[in-house]
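What follows is a single structure, written as structure tokens, with notes after it.
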Amino acid sequence: MTVSREIIRAAYEDACRQEIEALKPGNVHRFADGHRMTTEQFLTSARVSSAPLTDPELSLGLRIREAVSATRDAVGTNTNLGIVLLCAPLAEAAAMEGADLRTNLRRVLDAIDLDDTAAVFEAIVLASPGGLGEAPRHDVHERPTAGLLEAMQEASNRDRIAHQYVTGFADIFEAGLPALKAAVARGESGMWPAVHAYLEFLTAFPDSHILRKHGAGIAEAVRAEASSVRRSFEAASDENARIEVLLAFDARLKAADINPGTSADLTVACLLVHNLGAHLA
């Protein structure tokens, strides 16, 4: 199993485009911008980050740092830190010889060293994600003294992207991807498989971007409301009714300045794995 850089780069850009075209309540999408960001900024971010993210000459940490730096230069804001943190290991794993993507991914994560960790810390500081503060241990503003996986382990109970690093991307492979594949198997097309993956993440656990910015109470309330919305969405009689249900929830979330950004980032990673699937068989 090995996939060319060109295929991986196209799969990544396609995943970013598919995610931004899907109606994801509370997040930026083609039906409505939000949170002082636009769909065009996200599409530009995908385009400029794809080269460093798939560069075989760069270590994982440098892929992440250079992808975030290219994004910052192009759009001037943090549109894709979570996306890059999730997709860079998947891109490296897809290019490796080996049995399967998850096995290779584990090898990529286990090989992260202190230089990679320092580069990732620099990327996080450069991106300046909302709600980031100093930490008593593994402070991203300081030179790391332990590896990235140790830092991710400590953050994993409050950050779902960190959780992926310590579980081998379990949420992607065991929650989002099955939801997406089930939608495809039912004959759904266009944006709907991505929407199903997003709703799976949004209802399975409190979104950690919301948790970081608004606290546990609001994060859990959004998860509970998303579960109710998901039931209405699944009971909707046609596509227009589905869109109406999702847009109403979208408006409520954006009026409260609530952005389920982690669920959106996980959706991109899920789409990347799905896009690569035909090439990994």
Side-chain angles (χ1 to χ4, degrees), residues 15 18-35 37 39 42 82-83 86 129-131 156-164 167 169-184 186 188 190-271 273-274:
Q18 290 164 330
E19 182 265 343
I20 211 67
E21 289 180 351
L23 205 176
K24 309 176 309 301
N27 197 250
V28 178
H29 48 74
R30 68 180 174 90
F31 291 83
D33 295 334
H35 312 291
M37 294 181 288
T39 57
F42 280 84
I83 291 170
L86 292 170
S156 64
N157 65 336
R158 64 181 185 274
D159 187 303
R160 209 70 190 184
I161 291 174
H163 184 75
Q164 305 316 306
T167 63
F169 286 43
D171 291 333
I172 305 298
F173 288 98
E174 298 169 20
L177 195 59
L180 189 154
K181 286 183 174 180
V184 172
R186 292 192 301 269
E188 302 213 33
M191 70 176 177
W192 296 116
V195 170
H196 279 282
Y198 178 76
L199 291 176
E200 179 67 27
F201 294 130
L202 193 58
T203 57
F205 39 77
D207 185 278
S208 56
H209 186 263
I210 299 174
L211 180 66
R212 189 168 63 243
K213 291 195 71 175
H214 299 281
I218 290 178
E220 174 55 30
V222 170
R223 189 206 63 77
E225 185 177 2
S227 296
S228 175
V229 168
R230 187 181 188 180
R231 289 190 292 271
S232 298
F233 165 79
E234 291 173 346
S237 57
D238 56 30
E239 183 168 293
N240 288 336
R242 279 181 161 188
I243 290 172
E244 185 176 342
V245 167
L246 296 179
L247 282 178
F249 188 31
D250 182 67
R252 293 195 298 273
L253 290 173
K254 286 175 178 171
D257 195 30
I258 293 173
N259 177 10
T262 302
S263 297
D265 295 341
L266 291 167
T267 301
V268 177
C270 183
L271 287 162
V273 173
H274 188 258

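Just so it is clear, the model here is predicted, and its values are computed rather than measured.
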**Item:** Least distance between heavy atoms, Phe169 atom then Leu86 atom
**Value:** CE2-O, 3.2 Å
**Prompt:** Does the side chain of Arg242 come within less than 4.5 Å of Trp192's, by heavy atoms?
**Reply:** yes
**Asked** Taking Lys254 for the side chain and Asn27 for the main chain, is one N or O donor matched with an acceptor at less than 3.5 Å?
**Response** yes
**Message:** Test your reading of the model: is there a side-chain donor-acceptor pair from Tyr198 to the backbone of Pro25, 3.5 Å cut-off?
**Reply:** yes
**Request:** Measure the spacing between CG of Leu23 and CG of Asp250 and express it to the nearest 0.5 Å.
**Result:** 6.0 Å
**Item:** Heavy-atom side-chain contact between Asn259 and Leu253 under 4.5 Å
**Value:** no
**Prompt:** Would a 4.5 Å heavy-atom cut-off, applied to side chains only, mark Leu180 and Leu271 as touching?
**Reply:** yes
**Prompt:** Between Gln164 and Ala170, which heavy-atom pair has the shortest distance, and what is it?
**Reply:** OE1-N, 3.6 Å
**Message:** How close do Gly176 and Ala197 get, counting heavy atoms only, and between which atoms?
**Reply:** O-CB, 3.9 Å
**Complete:** Here the pair of heavy atoms bringing Leu202 nearest to Phe249 is CD2-CE2, 4.1 Å
**Asked** Using 4.0 Å as the upper bound for N to carboxylate O, is an ion pair formed by Glu220 and Arg223?
**Response** yes
**Prompt:** Between atom NE2 of His163 and atom CZ of Phe205, what is the distance when rounded to the nearest 0.5 Å?
**Reply:** 7.5 Å
**Between CG on residue Asp238 and CD on residue Glu244, distance to nearest 0.5 Å** = 9.5 Å
**Item:** Side-chain donor or acceptor of Asp207 paired with backbone N/O of Thr262 under 3.5 Å
**Value:** yes
**Item:** Side-chain (His214) to main-chain (Asp257) donor-acceptor, under 3.5 angstrom
**Value:** yes
**Message:** Applying side chain to side chain donor-acceptor pair (under 3.5 Å), can you list everything that pairs with Arg186, at least two apart in sequence or on another chain?
**Reply:** Glu188, His196
**Distance-only polar pair, side chains of Arg230 and Thr203, donor-acceptor under 3.5 Å** = yes
**Prompt:** At what distance, to the nearest 0.5 angstrom, does CD1 of Ile83 lie from OG1 of Thr267?
**Reply:** 9.5 Å
**Item:** Exceeds 12 heavy-atom contacts within 6.0 angstrom, atom CD of Glu234
**Value:** yes
**Asked** Where the side chain of Lys24 meets the backbone of Glu19, is there a donor-acceptor pair that is under 3.5 Å apart?
**Response** yes
**Prompt:** How far apart are the closest heavy atoms of Phe233 and Val245, and which atoms are they?
**Reply:** N-CG1, 4.0 Å
**Complete:** Closest non-hydrogen atoms of Ile172 and Ala269, given as atom of the first, atom of the second and distance, are CD1-CB, 3.7 Å
**Fill in**
Sorted by chain and residue number, the side chain to side chain donor-acceptor pair (under 3.5 Å) partners of Asp265 (sequence neighbours excluded) come out as none
**Item:** Minimum side-chain heavy-atom gap His274-Lys181 below 4.5 Å
**Value:** yes
**Prompt:** If we only count heavy atoms from C-beta on, is the His29 to Met191 side-chain gap below 4.5 Å?
**Reply:** no
